[in-house]
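Let me begin by presenting the structure, written as structure tokens, before commenting on it.
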Amino acid sequence: MHKEFLMGNEAIALGAIAAGVKLVAGYPGTPSTEVLETVAKRNPGNIHVEWSVNEKAAMEVAAGAAYSGARAMVTMKQVGLNVASDPLMSLEYVGVKGGMVVMVADDPGPISSQTEQDTRTFAMFAKVPVFDPTSVSEAYEMIQEAFDFSEKYGTPVFFRCTTRVDHGYEAITVKDAGEYRETTAEGFVKDSSRWVIFPRLSLKNHGLIEKRNRDLTAVLSEYPRNEIQRENGRYGKDSDRKGIASHGISYMYTLDSVDSENHVRLLKVATPFPFPEELALRFLDGLDEVLCIEELDPVIERALLQICGKHHLSVKIHGKLTGDIASAGENTLLSVSRAIHSFLGLEEVPMPAAPDVPLPVRPPVLCAGCPHRASFYAVKQAMKGRKTIYCGDIGCYTLGNAMPLDMCDTCLCMGAGINIAQGVGHLDKETKCFAFVGDSTFFAAGITGVVNAFYNQADMTLVILDNSTTAMTGHQPHPGTGRTVMGQVVEKVSIEKVLRAIGLTTVETVNPLDYEIARDTIKRVAEEPGVKAVIFRSPCIAMTKPAGRSTVDAETCIGCRKCIRELGCPALIIKDERAFIDASLCTGCTLCEQVCPVGAIGGGKKNEE
Amino acid sequence: MKNKNIILCGVGGQGTILASKLMAAAAMKRGIEVKTAETIGMAQRGGSVFSHVRLGKDLYSPMIAPGKADIIIGFEPAEAVRHLPFLKDGGTVVVSSCPILPVSALIGTSSYPLEEVLQYLKEKTENLILIDSEAAAKNLGSAKVLNMLLLGAAVRTGELGFEVEDIRTAMREKVPAKFHDLNEKALMYTEEKGIS
């Protein structure tokens with residue numbers, strides 16, 4: 001054993017390694033990404049690790065390993081689970097042989113996501129048991145227990161965290177390599193009555209799963225991480241008999257908020273499904289009121305209401321359904337302590353006053369020198385005065401929606417833009433329909449959309465923003481990069497060849513930093529009928545070193561601000577009424593040099609791949 | 001040691017994360033329990049970012065409640081003001097006086113009244129250490145060591161609970177050797193210039 005200062009996601013990875021995991025697959029997505037990256041980094045050498053092309057592929061690859069008796073893990077963010085839901089729903093009916101953990105990171109807030117969906121609710125829907133840790137140290141231990149549990153009951157299990165556990169850091173004690181569990185896999189053994197899902201097998205297994213989950217409520221009531229704390233304390237003030245039920249980081253906020261003087265009884269729920277019913281009955285015994293402090297869905301609250309109904313208990317359950325806890329957004333120490341003080345009838349915790357000085361808003365922006373800026377600018381200028389729709393997608397380039405670019409009219413989910421553009425176009429022949437998609441998203445969820453467009457006679461321009469990496473989540477490799485997370489150099493999948501194989505005849509590749517060529521290519525291509533593609537290829541600025549930075553000649557600059565107004569590059573600022581370039585941010589992309597009407601900017605040197 | 005709550009805040013890309021890692025490493029060396037939390041993800045692209053660092057005993061969540069921070073280390077003045085509600089009464093603020101104008105302010109969709117922001121900091125903070133990081137960067141020959149510059153000033157307030165030597169040792173372990181001298185110069189800059 002030794003001590004390490006670890007991010008929650010790193011602890012989960014090391015826990016999985018210690019549990020003898022043999023295959024880990026996933027698709028990047030905040031706040032889940034570091035789990036798989038850490039397994040790759042700390043791989044003792046006997047684990048197959050891969051960034052799969054998307055979450056559905058990852059789930060199926062992991063299922064194959066678990067069918068073979070190996071311990072397997074699949075990692076994704078909550079919306080990735082939607083992509084992987086098809087295999088998972090069926091996999092629960094089929095079951096697994098080796099332990100299989102589905103690690104899903106939820107994003108209350110949401111901070112970097114499209115939805116505030118709750119994997120605990122998904123777990124109930126999929127009938128899959130779910131583990132929900134409260135801290136980094138607990139996550140390390142719990143993931144190992146999740147593998148044991150999965151193997152014991154022959155079911156995949158969810159291991160679900162939220163941002164503050166995934167991205168929290170703690171100094172924790174972890175196992176040395178010699179202490180890792182040794183696991184073996186016998187390999188796939190043919191048995192079509194087990195591995196081939198047919199209606200008869202589904203019916204039989206459905207019954208077994210429902211019975212197992214009912215039985216598990218008693219089993220999980222004995223699981224030590226589901227626990228009652230301060231069981232024998234007085235509850236609240238003298239006459240009150242009150243308890244608080246919570247989970248995840250909200251449980252830690254609760255512990256930070258209740259001091260030793262409020263002897264309120266606490267229920268910590270580590271497995272929200274199947275719910276530890278017998279334990280909950282002990283918790284409810286003798287209480288008049290319970291406050292459920294949860295993030296995302298009121299899962300514990302509903303379970304307690306159900307138990308109260310089933311057992312005719314007259315306990316008032318407070319939470320999201322009663323408006324005592326906000327129904328949307330992230331909990332904070334402040335919101336939790338305010339709710340607790342109100343529930344216990346203690347002195348109100350005041351809201352801190354916001355600073356009464358105007359502060360600039362500071363949303364995330366495309367980096368200085370980002371090639372996406374040049375791509376958006378080229379299309380915007382090429383289509384000036386035309387009726388257009390710009391369908392965006394998921395990635396850094398969603399930030400193209402901000403002023404002054406304003407080049408993202410729709411954004412729904414991975415790969416959706418390509419299909420939305422078709423739907424818009426079928427109803428309005430006058431509108432020039434564009435879909436922007438990144439290289440990683442193209443491989444993950446874009447190809448079927450292009451096939452659909454081509455087959456169903458759409459009229460659209462597909463713009464692929466190829467920066468040769470998965471930038472938003474921290475530069476993971478993908479099929480177009482020619483390398484894997486295990487460090488192998490492999491044949492690249494060519495986007496051009498894929499598009500041509502589908503049948504597209506116009507597929508042009510341009511460096512977006514060559515502004516006039518980029519703009520004129522779009523002008524020309526957009527007029528062609530049918531489905532056509534322009535690939536804007538230039539590497540992400542975080543992957544290359546600047547070759548030369550641009551500077552403004554203050555004598556020549558006329559202070560028109562066109563560069564600032566039209567590009568919105570964070571390196572371009574105003575100094576003494578003239579444009580000025582922050583040398584620490586500039587990458588020398590030269591876009592501003594090409595946009596300046598008086599040629600006042602020079603010295604940049606754009607990166608060639 | 002008394003428990004310490006430290007907040008670092010700034011703009012994505014300024015180096016807050018390394019600074020919080022160095023503090024955590026320094027704390028661990030001293031056998032002090034440490035928990036941290038920070039912004040990771042989309043906001044790192046030039047948005048507002050923060051790190052919470054908690055040191056001491058009986059810590060549960062890695063987050064700090066409003067009014068509970070002993071010290072705020074602001075990498076940018078407006079971001080320091082944004083986090084001021086977290087500062088305890090009588091708390092300390094170490095802050096760079098050099099603003100980073102967001103694109104929104106440059107194209108006129110939001111405003112950045114720097115003088116008002118600095119004035120507000122002066123009025124609302126009992127212990128304010130304002131650091132001219134632009135001058136320091138010229139002097140040091142690099143703007144990339146803002147984190148060490150501010151850590152050096154913060155450690156000298158005594159509010160971090162460890163010594164400059166602890167930070168130096170942690171830096172030498174975490175930062176590539178070719179940057180050691182520059183980082184050390186930045187760490188010692190405020191002491192040498194007598195800024196406090």
Side-chain angles (χ1 to χ4, degrees), chain A residues 3 5 7 30-31 34 107 111-112 134-136 163-164 166-171 249 251-257 332-334 337 351-368 396 398-399 402-404 472-473 561 564-565 568-570 572-574 583-585, chain B residues 11-13 20-21 24-25 27-28 33-48 53 58-68 76 78-79 81-82 84-86 99-113 116-117 119-121 124 137 142-144:
Chain A
K3 214 157 188 164
F5 183 65
M7 182 194 275
T30 310
E34 299 83 3
D107 178 11
I111 299 169
S112 302
T134 58
S135 68
V136 176
T163 308
R164 301 301 172 198
D166 290 307
H167 286 168
Y169 281 83
E170 218 177 292
I249 194 69
Y251 187 73
M252 301 311 254
Y253 294 157
T254 302
L255 290 177
D256 268 327
S257 303
T332 62
L333 270 167
L334 181 67
S337 65
M351 289 290 283
D356 51 356
V357 57
L359 293 176
V361 292
R362 204 186 292 276
V365 289
L366 292 173
C367 300
C396 283
T398 316
L399 300 174
M403 297 302 277
M472 179 57 97
T473 46
R561 302 193 181 201
I564 292 173
R565 267 195 341 259
C569 172
L572 278 164
I573 55 177
I574 290 287
S584 69
L585 292 176
Chain B
V11 177
S20 78
K21 285 229 163 58
M28 274 182 75
E33 275 183 53
V34 53
K35 290 191 177 186
T36 73
E38 57 210 4
T39 318
I40 293 169
M42 199 155 75
Q44 284 177 287
R45 306 269 176 275
S48 304
V53 179
D58 299 324
L59 309 172
Y60 294 107
S61 92
M63 308 291 287
I64 297 166
K68 300 286 185 196
E76 203 281 341
E79 296 310 316
V81 171
R82 213 187 294 281
L84 223 43
F86 283 93
I100 293 181
L101 261 55
V103 171
S104 63
L106 287 163
I107 62 169
T109 55
S110 90
S111 68
Y112 192 146
E116 278 181 63
V117 165
Q119 191 55 35
Y120 187 85
L121 275 169
K124 298 288 173 179
S142 169
K144 301 265 180 198

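Residue numbers start from 1 in every chain, and the chains themselves are labelled A, B, ... in the order their sequence lines are given, proteins ahead of strands.
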Please look at [X] and chain A and tell me whether the side chain, the backbone, both or neither of the residue comes under 4.5 angstrom of a heavy atom of that chain.
X: B:Met28; result: side chain
X: B:Ser104; result: side chain
X: B:Ile64; result: backbone
X: B:Ser61; result: both

How about [X] and [Y]: do any of their side-chain heavy atoms sit closer than 4.5 Å?
X: B:Leu84; Y: A:Pro352; result: no
X: A:Arg362; Y: B:Ile100; result: yes
X: B:Tyr120; Y: A:Asp356; result: yes
X: A:Cys367; Y: B:Arg45; result: yes
X: B:Glu116; Y: A:Pro358; result: yes
X: A:Phe5; Y: B:Thr36; result: yes

Looking at A:Arg561 and B:Leu106, would you say the former's side chain and the latter's main chain have a donor-acceptor pair under 3.5 Å?
no
If you tally heavy-atom pairs under 4.5 Å against chain B, which of [options] wins?
options: A:Ile564, A:Ile573, A:Val136, A:Asp256; answer: A:Asp256
options: A:Leu572, A:Val365, A:Thr398; answer: A:Val365
options: A:Glu34, A:Lys3, A:Met403, A:Arg164; answer: A:Arg164

Can you give me the closest heavy-atom contact between [X] and [Y], atom names plus distance?
X: B:Ile40; Y: A:Thr30; result: O-CG2, 3.9 Å
X: A:Arg565; Y: B:Ile107; result: CA-CG2, 4.3 Å
X: B:Val103; Y: A:Gly568; result: CG2-O, 3.4 Å
X: B:Pro85; Y: A:Ala353; result: CG-O, 3.8 Å

Heavy-atom contact with chain B under 4.5 Å, split by part of [X]:
X: A:Cys396; result: side chain
X: A:Leu399; result: side chain
X: A:Met7; result: side chain

What residue, out of [options], has the most heavy-atom pairs lying under 4.5 Å from chain A?
options: B:Ala65, B:Ala27, B:Ala37; answer: B:Ala65
options: B:Glu33, B:Arg82, B:Lys144; answer: B:Arg82
options: B:Pro113, B:Gly67, B:Gly47, B:Ala137; answer: B:Gly47
options: B:Gly12, B:Ser48, B:Pro62; answer: B:Ser48
options: B:Ala24, B:Ala143, B:Ser20, B:Ala105; answer: B:Ala24
options: B:Glu76, B:Lys124, B:Gln119; answer: B:Glu76

About how many Å separate CG of A:Leu333 and OH of B:Tyr60, when rounded to the nearest 0.5 Å?
13.0 Å
Rounded to the nearest 0.5 Å, what separates atom NZ in B:Lys68 from atom CG in A:Leu334?
11.0 Å
